[in-house]
Amino acid sequence: MEDTTIEDVLKTIETLYAQKAYRDALDYLSKNQNSLSRGVWHYNMGTLFARLEDWPMARYHLTMADRSGYASIELSLNQRLVESKLSVKKWEKLLSSKDYAIRGALLGSEGIFTMIGFIMMIGGFYLLRNKSKQKGALATLFFSFLFFGATLWIKSWNWGIVLGPQVVREGPSLIFNSKEELPPGVMILSVRHGEWLKVIFPEKFEGWIKNANIKELR
């Protein structure tokens with residue numbers, strides 16, 4: 001029964017897509033979100049928003065599809081198209097060691113750290129079999145758990161996609177001077193302080209923005 005439901009949803013979406021009834025397709029998908037896997041749902045939502053040229057929302061959903069484990073050539077191609085429309089490379093250019101460290105941590109949390117952690121954990125348990133190497137085994141296991149912990153910590157960071165232009169200010173209040181404007185579509189890392197967000201990444205836009213028109217990547 002579940003497979004039939006999934007097939008029916010996808011066939012309906014394909015029909016509406018062929019008819020260029022993108023808004024109707026979005027409404028239908030929204031009502032049938034629970035019928036599809038998270039990754040497939042976000043991918044289709046992102047594709048439809050791209051057709052409507054709502055590039056920030058398209059980037060949000062395609063990024064969520066990627067983070068949900070959905071992988072395909074079409075997803076990669078759509079992501080490149082959307083990011084080019086938003087001039088992502090220009091706005092998210094790495095300018096400092098902090099930018100590189102944050103981007104590296106994000107990439108590491110997407111599988112690399114977990115893989116290293118598993119390898120070290122297996123190695124640690126193997127070394128435990130040898131009494132003369134138990135100290136080394138315990139150290140290996142300790143570092144493996146550090147990698148697992150780092151992955152969970154990084155994934156808890158407050159990432160989001162900017163949906164509309166945001167004025168970046170020097171402090172968390174309208175009384176502070178504006179520095180520049182944060183354009184739509186940029187992926188930011190921020191810390192929440194009530195009604196305000198402190199932008200940490202990209203460093204180019206470091207400052208304070210109102211907690212509005214931000215779609216969190218969760």
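Note that these values count all heavy atoms, side chains included, but never hydrogens, waters or copies made by symmetry. Counting begins at 1 with the first residue of the sequence.
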Cluster companions of Ile73 among Ile, Leu, Val, Met, Phe, Trp, Tyr (side-chain spacing under 4.5 Å): Leu77
Taking only residues two or more places apart in sequence or in another chain, which ones pass ring pair (Phe, Tyr, Trp, His ring centres under 6.0 Å) with Phe118? Phe148
The complete set of salt bridge (charged side-chain N to carboxylate O under 4.0 Å, His left out) pairs with one or both residues in residues 205-215, sequence neighbours excluded, reads Lys98-Glu206, Glu195-Lys210
Below 3.5 Å, can you tabulate the donor-acceptor pairs from side chains in residues 20-34 to any protein atom, sequence neighbours excluded?
| unit_1 | atom_1 | unit_2 | atom_2 | d |
| --- | --- | --- | --- | --- |
| Ser30 | OG | Leu26 | O | 2.9 |
| Asn32 | ND2 | Tyr28 | O | 2.8 |

Members sharing Leu197's hydrophobic cluster (side chains within less than 4.5 Å): Trp91, Val162, Val168, Leu182, Val186, Ile188, Val199, Phe205, Ile209, Ile214
May I have all residue pairs that pass salt bridge (charged side-chain N to carboxylate O under 4.0 Å, His left out) and include part of residues 47-66, sequence neighbours excluded? Arg59-Glu83, Arg59-Glu92
Could you name each residue pair satisfying salt bridge (charged side-chain N to carboxylate O under 4.0 Å, His left out) that touches residues 159-186, not counting sequence neighbours? none
Residues that Arg38 engages under salt bridge (Lys or Arg N to Asp or Glu O under 4.0 Å), provided they are two or more places apart: none
Which residues end up grouped with Phe176 if you chain together Ile, Leu, Val, Met, Phe, Trp and Tyr wherever their side-chain heavy atoms are less than 4.5 Å apart? Ile175
Restricting to non-hydrogen atoms, name the atom on Val82 and the atom on Ala50 that form the minimum distance, rounded to 0.1 Å. CG2-CB, 4.2 Å
Residues in side-chain contact (heavy atoms from CB on, under 4.5 Å) with Ala65, at least two apart? His42, Tyr43, Tyr70, Leu75
Sequence neighbours left out, what pairs pass ring pair (Phe, Tyr, Trp, His ring centres under 6.0 Å) with at least one residue falling in residues 154-173? Trp153-Trp157, Trp159-Phe201
Linked hydrophobic residues, Trp196 as query - side chain contacts closer than 4.5 Å: Leu174, Trp208
